[in-house]
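When a residue number appears, it is its place in the shown sequence, counting from 1. The analysis underlying the following values was restricted to heavy atoms, covering all of them including side chains, and did not include hydrogens, waters or symmetry mates. Remember, it's 1-based here, ligands and their atoms both numbered in the order they're listed. Only a predicted model underlies this, so the values are computations on that prediction, with no experimental measurement involved.
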Amino acid sequence: MLTVYTRHSSKCPKKDNPAWRRCRCWKWITGSIPGRPGSMRVSAKTRSWEQAESLARKYELAAVGGEEVKEARTLPTLKEAVNGYLSDAKARGLASATIQKLEHIFKKQLLSFADQHRIVFLRDVNVRNMTEWRSTWSDKPLARKKKFERVVGFFWFCVRHGWIKDNPTATMGRVVAKHVPTDYFPAHEYRRIISATYRLGEDAERSWAPEKRGIRIRALTELMRWSGLRIRDAATLECSRLEENKLLLYQAKTGIPVFVPLPPHVADLLRSIPPGLKPNPNYFFWSGNGLPKTYVANWQRAYRRLFNVADLRKPDGTPKRCHCHMFRDTFAVEMLLSGVPIDQVSILLGHASVRVTEKHYSPWVRARQDQLEKSVQSAWELVTPRLPAAI
Ligand SMILES: [Zn+2]
């Protein structure tokens, strides 16, 4: 067993007590390792007791794995690699939602798997244990695919830093996710949802005028449907972003503001939310306090109730799966189907490149192309005189 002790300087008031942890004198490691002859005594090269302790554990673990104990100091542990990766992600300025996802995957899931399987050093990670880890994932196909890409990326990061020679996940098969085309609400379904908003929360709002019942969720729904905003941006929208009937969507990287015109009835609806239902006069819905994430979760619960009331069905009679994101998709799909060019739709959605839009909405771009071809063909029928049959 290895233990830490302090080599005090001659001026340290605690110089007679080598077990004293809290001074800034150098920490050393001494003791013997089970199964190894003799004893060792080395400087931990740190003034921190905690760091010296963790180095001592590293020496012991290296010995268990058959490593040269002296080398252990430079062997990165999986935990150190994860911490290095996450602090690099923060330094690169990734969105906080992305950082949270990375922390969940690596700190919570990977490190606890490693803990259970006694994987300490980065070099103990291999195809076998990573395949085993992946088989425990319960994510849906698309999330699973993205997660695996992140895991592969993490090990490339370790390779680039020279912590390992090869990427243990490089030879693992890719995760296949069938691309599920975006579903949206055609006009008749959208009307059912809007009419359901009037029947929502009837108990609490019974005394109100009928047009005021469910007004907040109706306004939010119309806003998402006609602006394409994501629920988080829509729910926390500042009133100042609505200028007459034009909504400021975002400021493009070039500094040019991107506006979308709203149908007049939607702009009026937003402005007619009674002050008593607005916790903060600067926002249409939000109080301006607390985490937007929590606030969005509340709305998502409200939408589950709304979709239950609307009770949309597929042609075979089974319930249609509904999600708030489909209002944004409805905005995009209806525009594509009515002939708005995809690069313009892409700008309105705030996508980084038109390729993102193409990937997401390709079936609807194709549907539009089919529509066009049919119109062109029927135009031929009208203008082309029938040729006499070949002789
Ligand atoms: Zn000291």
Practice item. Measure the acute angle between the ring planes of W286 and Y295, then classify it against the limits of 30° and 60° as parallel, tilted or perpendicular. Key: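 Because their plane-to-plane angle lies in the 30° to 60° range, the rings of W286 and Y295 count as tilted.
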(request) Just say parallel, tilted or perpendicular for the rings of Y190 and F327, cut-offs at 30° and 60°. (result)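 It falls in the perpendicular class, over 60°.
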Check the pair T221, Y303 against side-chain hydrogen bond (donor to acceptor under 3.5 Å, both in side chains), reporting the backbone distance first and the verdict last. CA-CA 9 Å; T221 305; Y303 272 102; 2.7 Å; yes
- Task: Sort by chain and number the protein N/O/S atoms that are closer than 2.8 Å to the Zn ion (ligand 1), and list them.
- Result: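 Listed by chain and number, the nearby protein N, O or S atoms are H8 ND1, C12 SG, C23 SG, C25 SG.
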Regarding R305 and N308, do their side chains bring together a donor and an acceptor under 3.5 Å, going by distance alone?
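Result is no, nothing qualifies.
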**Message:** Check this for me: K58, atom NZ, are more than 12 non-hydrogen atoms of other residues, nucleotides or ligands nearer than 6.0 Å?
**Reply:**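 Atom NZ in K58 is packed in, count exceeds 12.
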- prompt: By the rule that ILVMFWY residues connect when side-chain heavy atoms come within less than 4.5 angstrom, directly or transitively, which residues belong alongside F259?
  reply: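 Its cluster mates, by chain and number, are L248.
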